[in-house]
Amino acid sequence: MVQIPREAPWRAFEASEAEWDDWRWQARHAIDSQAQIERFVRLTDDERRGIAHARTALPFRVTPHFLSLIDPENPACPLRRQVVPSAAEAEEARGELRDPLGEDSHSPVPGLVHKYESHVLLLVTDRCAAYCRHCTRRRLAGGIEHRREGEGALNEAAPSARDLPRAIDYIARHREIRDVLVSGGDPLMLSDDRLETLLAALRAIDHVEIIRIGTRALAFNPMRVTERLAAILRRFAPLYVVTHFNHARELSPRSVAACGRLVDSGVVLDNQTVLLRGINSEAAVLKALFEKLLVARVRPYYLHQLDLAEGIEHFRTPLRTGVDILRALRGRTSGLAIPHLAVDLPGGHGKVTLGPDFIESVNASGTVFRDWQGEICPQPYPEPRERDCGCPGERPREQRLD
Ligand SMILES: *Cc1c(COP(=O)(O)O)cnc(C)c1O
């Protein structure tokens, strides 16, 4: 087996440092077969079966950069488990769904998901630099050539550039849309020119105030964030880039530098993390990740409860786990380091958030809280006559926006 030297990983690929730092080189040299990965990683039988299964499902693919971060000898490595398939992906658990978030039924035109009033999801590609084994859009991601038999060679639902004009036209005709989340696949798989054309088309729509780009490139292929890309993105402010990091070890020096380039270009960075059993399902692991993100100037935004996509039960935690983790974090790290815990409901009902309940009881003289250290703290009402504030035990009052 070839050892990948930590300080000079390009040597294991017989490449120069300049090639290694070229995002196109990383994309061209992505590892996507058992033979290729076995040059660098001691696979288990389970992983070999997983890679074989991936040929007819969500493809197996990992960039040399991300491969250089995984432990070649330890199948439990939290980075390895996110990109190397396991045989468990072939199993379907009760309640799992092909389209777990009901996106296809909330898609007025191909490539666009319109679930909420003011913000939409625009899917611009089905390709990624590497494929997360917990992918929620595994029904689409990874290209048409890999689709399951019986579903046809061509996956009609997969987003493609072809659909973009119609989706942009839809956004232009719907004045209520003020925030467009560009996702996929990974939008940073597009060339600079195509990305620029897309962003310019969105910016030309008066009522689109905010553009967001959801990407995992900062973890999988941080080389993608060139000075040129950063300069392009700068022109389309207010622009948010939503990164996807699940473990502190993904924040390699190159990823941290890429985050810095974006922030220095006026891009606001938020991160989403997927809660994954045995990978980051402990408070200490997430605390390390969230604190490292903040230092890299990325604000932890969402911690996602794993959805009901097919074949990912082995990653799923009980709902309690996320709530317990947030409770453990409160008071023990900066509030800035604590994201929202989101559950994206099936059937297109959208996201809701969960959080720990610090209220112990409510009685006539006030509310009894339990503080972050577990101590009881009664809080009398400051104004006993103004009790109609929607707190537990009081009459709820709906707050309306229209
Ligand atoms: C998550 C999501 C959004 C963005 O939601 P925010 O809570 O604003 O981050 C928009 N549309 C769809 C369909 C989504 O799944």
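Not measured: the values here are computed from a predicted model. Counting convention: from 1, in listed order, for ligands and their atoms alike.
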> His119 to ligand 1: N or O pair under 3.5 Å?
Replying inline: yes

> Would you say the side-chain atoms of Asn271 pair up with the backbone N or O of Arg299, donor to acceptor, closer than 3.5 Å?
Replying inline: no

> Do the two ring centres, one from Phe220 and one from Phe66, sit under 6.0 Å apart?
Replying inline: yes

> Atoms of ligand 1 less than 4.0 Å from Val113 heavy atoms?
Replying inline: 13 (C)

> Nearest protein heavy atom to atom 7 (O) of ligand 1, by residue and atom, and its distance?
Replying inline: Tyr302 OH, 2.5 Å

> Applying a strict 4.0 Å limit to heavy atoms, is Val242 in contact with ligand 1?
Replying inline: no

> Quick one: are Ile168 and Ile205 in side-chain contact, heavy atoms under 4.5 Å?
Replying inline: yes

>> For Phe13 and Phe40, I'd like to know if the aromatic rings sit close, meaning centre-to-centre distance below 6.0 Å.
In response: yes

> Do Arg277 side-chain atoms and Arg316 backbone N/O form a donor-acceptor pair below 3.5 Å?
Replying inline: yes

> Of all the atoms in ligand 1, which lie at a distance below 4.0 Å from a heavy atom belonging to Lys351?
Replying inline: 1 (C), 2 (C), 3 (C), 4 (C), 5 (O), 14 (C), 15 (O)

> Nearest to atom 6 (P) of ligand 1, what protein heavy atom do you find, and at what distance?
Replying inline: Tyr301 OH, 3.3 Å

>> Any atom of ligand 1 sitting under 4.0 Å from a heavy atom of Arg212?
In response: yes

> Is the gap between the ring centers of His304 and His340 under 6.0 Å?
Replying inline: no

>> Can you name the atoms of ligand 1, numbered from 1 with element, that are less than 4.0 Å from a heavy atom of Asp344?
In response: 15 (O)

